[in-house]
Amino acid sequence: MGIKLTWGAVAVMACVAVGCGSDDSGASTAESETVIVANGNADNGSAGRMTDALRLAGFSTGEAVNSQDKVADSIVYYSDADGSQDVAVNVAVALGGVDVESLPDPAPTDSGSLDGGGVLLLLGQNQADKTLEELNGGGGSTGGGGGTTPVGGT
């Protein structure tokens, strides 16, 4: 069963994901669960570029991997580890509201595992090589230091 987010939910959750509010601790709102990005599209290197963008946005990320599964729209999968579903929802929000699902067995990576992560982003063709700002409708910063968060290389 997947979760499809409405734009209203995306707007509210985006504030949670990128820290629109403040907390008394001063700690980052980024989660500690590691996100692995798997290339599920035809654009070579796009998973690595999205990994960099998510890292800049405050997510803990591992090395990008490949997937034999090719998808039009990205899907964020979460493991049964504590906190991974919350992180998966935050990643989905950062990508403009993509589906969130429980991780299938085997995982849709070349290795069939999460490769050390708790959340897997299967990066689809429609989100490949787009900035997080573009994926969120161009509405301001996604939390990577004010301004746009580049997905592409320099």
Side-chain angles (χ1 to χ4, degrees), residues 1-18 30-31 33-81 83-145 147-154:
M1 177 177 122
I3 300 169
K4 188 67 171 184
L5 301 172
T6 65
W7 282 112
V10 168
V12 169
M13 293 173 73
C15 278
V16 173
V18 300
E31 313 295 336
E33 193 66 51
T34 300
V35 178
I36 303 297
V37 181
N39 191 339
N41 62 73
D43 295 352
N44 289 336
S46 63
R49 291 184 289 275
M50 180 59 75
T51 296
D52 292 342
L54 290 172
R55 185 177 304 118
L56 287 171
F59 291 95
S60 174
T61 58
E63 292 296 317
V65 298
N66 288 311
S67 174
Q68 295 302 315
D69 293 355
K70 301 301 180 206
V71 295
D73 286 307
S74 297
I75 304 167
V76 184
Y77 294 104
Y78 58 90
S79 69
D80 58 3
S84 67
Q85 186 173 4
D86 292 338
V87 175
V89 168
N90 286 340
V91 171
V93 167
L95 271 74
V98 300
D99 287 343
V100 177
E101 298 180 9
S102 179
L103 184 71
D105 187 18
T109 63
D110 282 353
S111 70
S113 74
L114 275 178
D115 297 302
V119 173
L120 176 70
L121 166 58
L122 181 59
L123 185 61
Q125 192 65 52
N126 292 337
Q127 290 78 30
D129 284 329
K130 291 188 178 165
T131 65
L132 293 179
E133 183 179 58
E134 288 172 325
L135 293 170
N136 278 292
S141 173
T142 58
T148 62
T149 303
V151 175
T154 54

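Worth saying up front: this structure is predicted, and the values here are computed from it rather than measured. Only this structure's heavy atoms are used, side chains among them; waters, hydrogens and symmetry mates stay out.
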**Study point:** Asp73 vs Gln127, side chain to side chain contact (heavy atoms under 4.5 Å, CB included): CA-CA, chis, key distance, verdict
**Key:** CA-CA 7 Å; Asp73 286 307; Gln127 290 78 30; 3.3 Å; yes
Practice item. Please assess Val37 against Leu54 for the test side chain to side chain contact (heavy atoms under 4.5 Å, CB included), listing each intermediate value before the final yes or no. Key: CA-CA 9 Å; Val37 181; Leu54 290 172; 3.8 Å; yes
Practice item. Take Val119 and Ile36, measure what side chain to side chain contact (heavy atoms under 4.5 Å, CB included) needs, and give me the verdict at the end. Key: CA-CA 6 Å; Val119 173; Ile36 303 297; over 6 Å; no
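Taken to the nearest 0.5 Å, the OG1 atom of Thr61 stands 11.0 Å off from the CG atom of Leu121. Separation of atoms OG1 (Thr34) and CG (Leu114) is listed at 10.0 Å; rounding is to 0.5 Å. Atom OG of Ser102 is separated from atom OH of Tyr78 by 4.5 Å, given to the nearest 0.5 angstrom. To the nearest 0.5 Å, atom CG of residue Leu123 and atom CG of residue Leu95 are 7.0 Å apart.
Taking both residues in full, the closest heavy atoms of Leu122 and Gly40 are given as CD1-CA, 3.8 Å, listed atom of the first, atom of the second, then distance. Of all non-hydrogen atoms in Glu33 and Val87, the two that sit nearest each other are CB-CG2, 3.5 Å. What you find for Leu120 and Ala38 is that their closest heavy atoms are CD1-CB, 3.8 Å. Minimum interatomic distance between Ala92 and Val100 (heavy atoms only, all atoms of both residues): CB-CG2, 3.4 Å. When all heavy atoms of Val91 and Phe59 are compared, the closest pair comes out as CG2-CE2, 3.6 Å. Contact record, Asp43 with Arg49: O-NH2, 4.4 Å, taken as the closest heavy-atom pair.
Inter-residue side-chain proximity for Leu132 and Met50 is flagged as met; some heavy-atom pair is nearer than 4.5 Å. Using a 4.5 Å cut-off on side-chain heavy atoms (C-beta onward), Ser84 and Tyr77 make no contact.
Judged by distance alone, the side chain of Gln125 and the main-chain N or O of Ala42 form a donor-acceptor pair under 3.5 Å. Of the possible polar contacts, none joining the Ser46 side chain to the Ala128 backbone as a donor-acceptor pair under 3.5 Å is found. The backbone N or O of Ala94 lies less than 3.5 Å from a partner atom in the side chain of Asn136, making a donor-acceptor pair. Judged by distance alone, the side chain of Ser79 and the main-chain N or O of Gly118 form a donor-acceptor pair under 3.5 Å.
Residues passing the side-chain contact (heavy atoms from CB on, under 4.5 Å) test with Glu134 are Lys130, Thr131, sequence neighbours excluded. Thr51 is linked by a side-chain hydrogen bond (donor to acceptor under 3.5 Å, both in side chains) to nothing, counting only residues two or more places apart in sequence or in another chain.
Side chain to side chain, Asn126 and Ser74 fail the donor-acceptor criterion of an N or O pair below 3.5 Å. For Asn66 and Asn39, the side-chain atoms include no donor-acceptor pair closer than 3.5 Å.
Ionic pairing of Asp52 and Arg55 is present here: one or more N-O contacts between side-chain nitrogen and carboxylate oxygen are shorter than 4.0 angstrom.
Each salt bridge (charged side-chain N to carboxylate O under 4.0 Å, His left out) pair with one or both residues in residues 116-126, not counting sequence neighbours, would appear here, but there are none.
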